[in-house]
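A, B, ... follow the sequence lines: proteins, then strands. Residue 1 opens every chain. These numbers come from a predicted model, not from an experiment.
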Amino acid sequence: GSSAAKEQRIRLGAEELLEGRLGFAPYTQGDRRLGWLLTFSPSSWEDEDTGKIYSCVDLYFVSQDGSTFKVKYKFPPYFYAATKEKTELEVEAYLRRRYEGEIADIEIIEKEDLDLKNHLSGLKRKYLKIQFDTVQQLMRVRSDLMHVVEKNEEERDAVDAFESIYGVKRVERPQDYINCIIDLREYDVPYHVRFAIDNDVRSGQWYNVGVSGSDVLLQRREDLLQRAEVHVCAFDIETTKLPLKFPDAEYDSVMMISYMIDGQGYLIINRECVGEDIEDLEYTPKPEFEGHFRVKNVADEVGLLKAWFSHMQEVKPGIYVTYNGDFFDWPFLEKRAAHHGIKMNEEIGFQCDSNQGECRAKFSCHLDCFAWVKRDSYLPQGSQGLKAVTKAKLGYDPLEVNPEDMVRFAMEQPQTMASYSVSDAVATYYLYMTYVHPFIFSLATIIPMSPDEVLRKGSGTLCEMLLMVQAFQANIICPNKHQADLEKFYNNRLVESETYIGGHVECLETGVFRSDLPTKFQLEPSAFEQLIENLDRDLQYAIAVEGKLDIDSVTNYDEVKDAIKQKLVSLRDHPTREECPLIYHLDVAAMYPNIILTNRLQPPSIVTDVDCTACDFNRPGKNCLRTLEWVWRGETYTAKKSDYHHIKRQIESEMIQTGGVTSSKPFLDLSKPEHLLKLKDRLKKYCQKAYKRVVDKPITEVREAGICMRENSFYVDTVRSFRDRRYEYKGLNKTWKGKLSEAKASGNSIKIQEAQDMVVLYDSLQLAHKCILNSFYGYVMRKGARWYSMEMAGVVTYTGAKIIQNARLLVDKIGRPLELDTDGIWCVLPGSFPENFTFKTKAEKKLTISYPCVMLNVDVARTNTNDQYQTLKDPVSKLYTTNSECSIEFEVDGPYK
DNA sequence: AGATTCGCCTAC
DNA sequence: TCAGGTAGGCGAATCT
């Protein structure tokens, strides 16, 4: 009944009205409907009987006939709290009293806690699941309890210190249950993400939607794979601007707005800026990218804005598409509309958030193609403008006009400007339809976020979302976000920064290398002798492991072997030679993910003696602990620990200037991170004065990390399923390449184009998945990662560095390595080096092998196979099986010219 | 004047 | 509530 509630009620009403006007009327009764989930956003609803407000998620659906509707899905927000052992019930009762009217319900539940000692034995941890009616209530209780937990932690530290100094246990004070809350978990998961994870609901999927009373029933239709036909509007504006300046919505105005809806083009002209009326026009840069534009000439800017808004209200697009619209087009339109007294938000529901640099609506998507280009296109920064992207991805040269000429051309050559204006809309529309749409809605079916977020979030956030889904499904409690330890010492000095040694890079030779320029080689006969000796072993590996064939089924084994042997013998006997080279790039496919998978690497698997000692599986001769090396690198301040503490004591008694010259407050009143910031500033000055430099030379140190081979495999499972998803796209890319050459042979131009499109599409999908796949490695070092591990990142790169350096040792003896970078070697081999050979089998199968590749892979398999890989077969009896695992394999590109 | 740091961008 | 990582080249700015 408060004024805030009243305000919210009014807001809800206005929202409902607008959404109804724009096609998303609420579906509250009647027959079950079939809908494709376009997007979802947090919202609230009012219980009509009690007048109470509850949080809910609004789901926006598109039907098969293109019509739209929304439902309100009730879902209570919650988070978890951990208590001291065996105080759960008391704390629960206490919290219910303390937050009466704020907490809706508390349940005590059990979760797998991978931080819990000996959890592999089946031990689980109890958590209080604290539920609320609204997100606001959750936030209030959460911030209150955060302070409680922080205070409890400080007190525990003080108790520990007391006990360690006096060697006696301090007598516990009478139980105060507020002191028993020791941790909060999953309190920072956004509400709509929580909803999507817990209810397994994703954008981009079909559901049978039913309502019964006030409840919504969703049933996923996995049989429907085709995406719904949602109205897509791609638009682009041209504005006036001052010479050599960027347009400014304070005084510049919109000259034209061009847009394409579902393939039909429109152009609205502001005759204040454009010299003459423009007729309908066509801009079709390529047969498959048709652009027919209907033109509307209006008197002035306000007319233009009104015309566009009303057209949008009529068509009701579910998806708006721009190129850099977050930053330019939307804010410009919003400001110009406001200038004329029109609120864009009230017209079409879109609002710009300048803090976030985004423009979004609750019920429609705004998908800015520039965001896709930056994160997923794999184009270098210099080629991320719309023009360059059009060339690279759509394969045609777009119209270009110098921005300095635009305002003048609008008056003097209006036709030129009109064509130019629509050309950007065409490029944006087709870029979206060909790449962005399939990509975003494919990811949205696995990532528990709205399409807008799937498009804009960093790749690390996407990884974390996938991990949280997997953790939820395995009943694992998520760790809190990692915080860097800001007060670490090394060698009696404060650590300024620490990291790990990454990829290995070497430039070995520079110059011009061509397959038709004879090159000198100084080979090592002993290496060839070795290859000859190992030939049987290597070929059998290729047949059995790479080809997954039975050796006895091969009919021409000796023939192939002799051919290779002959070449190796001749190279061994004439090691000094000059001949045309074979230029090869040897590289490990998806190296980091495969190192992770082979070694079962995941942040919770990094264990110490303490973890193992507490574990039931810790027996003499155990093979569940795998030890791998990595290299730490850190820089310390030059000052000693004693200097640091001295300065700390000094600063603690001082007044610190905060902001202006006049305002200052005691140092101890500042927050903890502020303390360390100020302290480090002071320390830097001290170092500079006393030691003439702030930081010492970087220190490196080889360290060992223990990897538990039995830890719950949810992380590697997530990586594996993502890797395999990418392989699927790579496979489809190959399939369509086959179809493309078939189509070319048949000369059917429609089929050629279709196949061509599918080839680019799948290549783009697999590349984008590569980027997110690699992020599972980078993620573990991300600031604030829930599953953080420097050790794991270090093990991944160090293992990779050893693989590439080993390969180089071999290449050194049989040819000339030119360059190494992380996972690949560019090299030249003598032209007479054995290359590709084909085994034939009784079943008429063929297996083509690349000998240089096989030779390297045998080496990799010998040094990197993990014979300790364990898989949980029976969760009840805790039975594990042990396998050998190695998915790290070289691939060969080339030979190149 | 020479060394070091910083910003920017790329390769992996 | 913002955030994949390290290696490394190059030119400009800044420090000594």
Side-chain angles (χ1 to χ4, degrees), chain A residues 42 135 139 142-143 146 187-193 353-358 371 374-376 378-384 449 453 456-467 480-484 496-507 510 585-596 601 603 630-635 684 688-689 692-695 697-698 700 718-719 722 767-801 803-804 819-826:
Chain A
V135 174
M139 301 293 265
R142 166 190 127 170
S143 79
M146 292 264 260
Y187 50 82
D188 46 10
V189 181
Y191 173 60
H192 65 291
V193 172
D353 175 348
S354 53
N355 283 332
Q356 291 264 92
E358 296 177 352
K374 280 191 283 191
R375 194 189 65 195
D376 306 312
Y378 257 57
L379 289 168
Q381 203 136 325
S383 309
Q384 292 183 350
M449 288 182 143
E453 291 170 306
R456 288 175 181 82
K457 293 287 178 186
S459 58
T461 302
L462 302 190
C463 288
E464 186 161 281
M465 289 302 133
L466 293 172
L467 292 167
N480 287 333
K481 292 181 178 176
H482 172 82
Q483 282 184 310
E496 195 265 344
S497 64
E498 59 172 346
T499 182
Y500 58 95
I501 300 291
H504 184 79
V505 184
E506 275 183 73
C507 169
T510 58
H585 183 228
L586 310 159
D587 77 311
V588 179
M591 183 162 84
Y592 287 174
N594 281 313
I595 290 174
I596 289 173
L601 292 174
W630 64 289
V631 185
W632 178 87
R633 189 183 66 206
E635 284 177 280
K684 273 183 204 164
Q688 194 62 260
K689 224 187 266 171
K692 302 280 179 245
R693 56 186 299 131
V694 178
V695 289
K697 270 185 273 165
T700 58
T718 312
V719 179
F722 208 84
L767 263 176
H769 278 69
K770 175 179 174 175
C771 175
I772 294 171
L773 186 60
N774 272 324
S775 298
F776 279 103
Y777 143 73
Y779 167 76
V780 302
M781 276 288 283
R782 189 189 102 154
K783 263 175 205 148
R786 288 177 192 276
W787 287 279
Y788 182 92
S789 173
M790 185 183 296
E791 290 89 346
M792 171 169 154
V795 164
V796 169
T797 55
Y798 189 63
T799 306
I803 291 169
I804 211 67
E819 189 205 54
L820 274 71
D821 195 339
T822 312
D823 65 355
I825 302 179
W826 283 95

**Request:** Report the residues that fulfil salt bridge (charged side-chain N to carboxylate O under 4.0 Å, His left out) with A:Glu498, sequence neighbours left out, ordered by chain and then residue number.
**Result:** A:Lys488
**Complete:** The nucleotide from C:dG5, C:dA3, C:dA7 with an atom nearest the side chain of A:Met781 is C:dG5
**Complete:** Across all chains, not counting sequence neighbours, the salt bridge (charged side-chain N to carboxylate O under 4.0 Å, His left out) partners of A:Glu819 are none
**Asked** Over how many whole Å does the gap from A:Arg786 atom CZ to C:dA3 atom P extend?
**Response** 13 Å
**Message:** Could you work out, with side chain to side chain contact (heavy atoms under 4.5 Å, CB included) as the rule, every residue matching A:Arg633, not counting sequence neighbours?
**Reply:** A:Thr499, A:Ile501, A:Pro698, A:Thr700
**Message:** Assess the residue pair A:Met792 and A:Trp787 against the criterion (side-chain contact (heavy atoms from CB on, under 4.5 Å)); give the C-alpha distance rounded to whole Å, side-chain angles, the decisive distance to 0.1 Å, and a yes or no.
**Reply:** CA-CA 10 Å; A:Met792 171 169 154; A:Trp787 287 279; over 6 Å; no
**Item:** Interatomic distance where CE belongs to A:Met591 and P belongs to C:dG5 [whole Å]
**Value:** 18 Å
**Complete:** Counting primed atoms, P, OP1 and OP2 as sugar-phosphate and everything else as base, the B/S/- map of nucleotides 1-12 of chain B against protein heavy atoms under 4.0 Å is --------SS-S
**Message:** Please report the distance, rounded to the nearest Å, between OH in A:Tyr500 and C1' in C:dG5.
**Reply:** 4 Å
**Prompt:** Between the two ends of the helix from B:dA1-C:dT16 to B:dC12-C:dG5, what is the bend in degrees, rounded to 10 degrees, where each end axis spans five pairs?
**Reply:** 20°
**Prompt:** Using a cut-off of 4.0 Å between protein heavy atoms and nucleotide atoms, how would you tag nucleotides 8-16 of chain C 5' to 3' with B, S and -?
**Reply:** S-------S
**Spacing between A:Asn480 atom CG and C:dT1 atom C1', to the nearest angstrom** = 14 Å
**Request:** Using the salt bridge (Lys or Arg N to Asp or Glu O under 4.0 Å) rule, collect all pairs that involve residues 587-596 of chain A, keeping only residues at least two apart or in two chains.
**Result:** none
**Prompt:** Any side-chain heavy atom of A:Glu453 within less than 4.5 Å of one from A:His192?
**Reply:** yes
**Prompt:** Does the side chain of A:Tyr187 come within less than 4.5 Å of A:Asn480's, by heavy atoms?
**Reply:** yes
**Asked** Do any side-chain nitrogens or oxygens of A:Ser775 fall under 4.0 Å of OP1 or OP2 in C:dG5?
**Response** no
**Among C:dA7, C:dT1, C:dG4, the nucleotide that comes nearest once only the side chain of A:Pro190 is considered** = C:dT1
**Asked** When all nucleic acid strands are considered with a 4.0 Å heavy-atom cut-off, which category describes A:Asp188: base, sugar-phosphate, or nothing?
**Response** base
**Request:** Send over the distance from A:Ile595 CD1 to C:dG5 P, rounded to a whole Å.
**Result:** 18 Å
**Prompt:** How would you label the contact of A:Thr797 with the nucleic acid (heavy atoms, under 4.0 Å): base, sugar-phosphate, or nothing?
**Reply:** nothing
**Asked** Between atom CZ in A:Arg782 and atom P in C:dG4, what is the gap in whole Å?
**Response** 5 Å
**Asked** Given atom CD of A:Glu464 and atom C1' of C:dA3, what is their separation to the nearest angstrom?
**Response** 11 Å
**Message:** Taking side chain to side chain contact (heavy atoms under 4.5 Å, CB included) as the definition, give me every residue that meets it alongside A:Lys374, ordered by chain and number, with sequence neighbours left out.
**Reply:** A:Phe370, A:Gln384
**Message:** Using a heavy-atom cut-off of 4.0 Å across all strands, would you classify A:Gly784 as base, sugar-phosphate, or nothing?
**Reply:** nothing
**Prompt:** Nearest nucleotide by nearest heavy atom, which residue falls closer to the 5' end of DNA chain C, A:Tyr777 or A:Ile501?
**Reply:** A:Tyr777
**Item:** Residues which pass side chain to side chain contact (heavy atoms under 4.5 Å, CB included) with A:Val694, listed by chain and number, not counting sequence neighbours
**Value:** A:Tyr637, A:Lys684, A:Gln688
**Message:** Distance check needed: C:dG4 P versus A:Tyr788 OH, whole Å only.
**Reply:** 14 Å
**Message:** Which residues pass the side-chain hydrogen bond (donor to acceptor under 3.5 Å, both in side chains) test with A:Asp188, not counting sequence neighbours?
**Reply:** A:Arg786
**Touch class at under 4.0 angstrom, heavy-atom based, for A:Lys770 against every strand present** = nothing
**Asked** How would you list, by chain and number, every residue that makes a side-chain hydrogen bond (donor to acceptor under 3.5 Å, both in side chains) with A:Tyr798, sequence neighbours excluded?
**Response** none
**Request:** Please work out if A:Gly502 contacts a base, only the sugar-phosphate, or nothing of the nucleic acid, heavy-atom cut-off 4.0 Å.
**Result:** sugar-phosphate
**Prompt:** Residues two or more places apart in sequence or in another chain: which of them pass salt bridge (charged side-chain N to carboxylate O under 4.0 Å, His left out) with A:Arg375?
**Reply:** none
**Complete:** Looking only at heavy atoms, the pair that brings A:Tyr788 and A:Pro603 closest together is O-CB, 3.8 Å
**Asked** How is A:Arg375 classified with respect to the nucleic acid when contacts are heavy atoms under 4.0 Å: base, sugar-phosphate, or nothing?
**Response** nothing
